[in-house]
Colleague: 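Below you'll find the structure I mean.
The model shown is predicted, which means the values in this text are computed figures rather than measured ones. Both counts, for ligands and for their atoms, begin at 1 and track the order of listing.
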Amino acid sequence: MASNKITFASILFLTIFTYSNAKLGHLKETELSVYYQDYSGSQNATVIEIPGPSNGALNFSRFGAMFCTDDPITVGFEEGSAVIARGRGLYVTSALDGSNTHVMLSVVFIDGEYKGSTIELYGSDKQFEKVREVAVVGGTGKFRLARGYATFETLYFDTGRSHAIIQSNMTILHY
Ligand SMILES: *[C@@H]1O[C@H](CO)[C@@H](O)[C@H](O)[C@H]1NC(C)=O
Ligand SMILES: *[C@@H]1O[C@H](CO)[C@@H](O)[C@H](O)[C@H]1NC(C)=O
Ligand SMILES: *[C@@H]1O[C@H](CO)[C@@H](O)[C@H](O)[C@H]1NC(C)=O
């Protein structure tokens, strides 16, 4: 009787497993290379510091400093390149010495083949290193159940306009 129960449970499990596998389809890998057009100056800023009790000038090294961002994300390096997504979210300087920022960011696609889908980025980012990396922890739409990683590399910075162009490569496994 006991062995019958086990067999029944195994069959049920196998059935559910096979069914959900069929429903999800095959695991796909997508590689994307995009550019964040980031403006941290006071005019038309796409990143601002969230006001705190002792905020002075924008300072990414101050422990506890929080930033809200809505950067246009373009397909090419140029500032006028087509915008396919927005980088919307928060980051918080999370290392006592200011070296790391904690990134909680959604890549919200607003145009192109992924319009309406999102990719969720999360993790500790060594903000002053040449190449930074955070995890892809999820997604919606075409990126449901996504996981993977994303790199960031600042390729250009215009101090006068506080305009940075940051290349981001994402490797994403999803269904
Ligand atoms: C800010 O945006 C306005 C309206 O789009 C534009 O006229 C102005 O030149 C922009 N300023 C900067 C510094 O880019
Ligand atoms: C930014 O904050 C750090 C840590 O408090 C401090 O050492 C640094 O001098 C500040 N930079 C500016 C430009 O205020
Ligand atoms: C990101 O991808 C571009 C284009 O493939 C490549 O030139 C660049 O080296 C990559 N950056 C990183 C940090 O892997």
Side-chain angles (χ1 to χ4, degrees), residues 28-69 71-114 117-139 142-143 146-174:
K28 292 189 273 284
E29 182 175 325
T30 299
E31 295 209 14
L32 294 171
S33 192
V34 295
Y35 299 84
Y36 287 64
Q37 307 286 341
D38 182 78
Y39 303 87
S40 52
S42 53
Q43 252 208 315
N44 303 340
T46 61
V47 56
I48 58 161
E49 185 166 353
I50 296 169
S54 60
N55 286 1
L58 205 72
N59 184 345
F60 295 100
S61 305
R62 196 191 313 115
F63 179 57
M66 288 191 288
F67 303 87
C68 183
T69 185
D71 282 349
I73 296 177
T74 55
V75 287
F77 171 85
E78 300 75 27
E79 196 174 0
S81 169
V83 176
I84 49 158
R86 311 284 310 190
R88 290 182 171 147
L90 296 170
Y91 47 100
V92 181
T93 304
S94 60
L96 287 169
D97 66 3
S99 62
N100 281 54
T101 186
H102 200 81
V103 174
M104 294 155 273
L105 194 72
S106 299
V107 177
V108 180
F109 287 90
I110 57 168
D111 206 1
E113 78 171 289
Y114 304 115
S117 301
T118 65
I119 294 169
E120 302 306 322
L121 305 181
Y122 190 88
S124 198
D125 169 311
K126 295 178 181 131
Q127 61 173 336
F128 299 112
E129 304 262 308
K130 184 171 151 56
V131 177
R132 291 86 69 188
E133 184 174 325
V134 297
V136 170
V137 295
K142 291 196 168 152
F143 296 108
R147 59 201 148 92
Y149 59 94
T151 59
F152 292 104
E153 184 176 359
T154 305
L155 299 183
Y156 168 90
F157 185 63
D158 174 347
T159 36
R161 292 175 60 221
S162 302
H163 173 218
I165 303 176
I166 303 151
Q167 184 178 49
S168 178
N169 297 347
M170 294 178 277
T171 299
I172 306 149
L173 296 178
H174 62 101

Colleague: Could you tell me which atoms of ligand 3, counted from 1 in the order shown, lie closer than 4.0 angstrom to a heavy atom of E153?
Modeller: 13 (C)

Colleague: Is the distance between the ring centroids of F60 and F67 under 6.0 Å?
Modeller: yes

Colleague: Distance check, rounded to the nearest 0.5 Å: E129 atom CD versus S99 atom OG?
Modeller: 8.0 Å

Colleague: Return the set of residues passing side-chain hydrogen bond (donor to acceptor under 3.5 Å, both in side chains) with D125 (not counting sequence neighbours), or none when no residue passes.
Modeller: none

Colleague: Looking just at side-chain N and O atoms, do N100 and S94 make a donor-acceptor pair shorter than 3.5 Å?
Modeller: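 Note: N100 and S94 side chains miss the donor-acceptor criterion.
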
Colleague: What about T151: any of its N or O atoms under 3.5 Å from an N or O on ligand 3?
Modeller: no

Colleague: For L105, which residues count as a side chain to side chain contact (heavy atoms under 4.5 Å, CB included) partner, sequence neighbours excluded?
Modeller: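 Side chain to side chain contact (heavy atoms under 4.5 Å, CB included) check on L105 returns Y36, T69, V103, L121.
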
Colleague: With sequence neighbours left out, write down each residue that passes side-chain hydrogen bond (donor to acceptor under 3.5 Å, both in side chains) with S162, or none if nothing qualifies.
Modeller: none

Colleague: Show me which atoms of ligand 3 lie under 4.0 Å from any heavy atom of S33.
Modeller: 2 (O)

Colleague: Indicate whether any N or O donor in one side chain lies under 3.5 Å from an N or O acceptor in the other, for T74 and Q37.
Modeller: yes

Colleague: Enumerate the pairs of nitrogen or oxygen atoms, one from ligand 2 and one from the protein, separated by less than 3.5 angstrom; state names and distance to 0.1 Å.
Modeller:
{"unit_1": "ligand 2", "atom_1": "2 (O)", "unit_2": "N59", "atom_2": "OD1", "d": "3.4"}
{"unit_1": "ligand 2", "atom_1": "2 (O)", "unit_2": "N59", "atom_2": "ND2", "d": "2.4"}
{"unit_1": "ligand 2", "atom_1": "11 (N)", "unit_2": "N59", "atom_2": "ND2", "d": "2.9"}
{"unit_1": "ligand 2", "atom_1": "14 (O)", "unit_2": "N59", "atom_2": "ND2", "d": "3.4"}

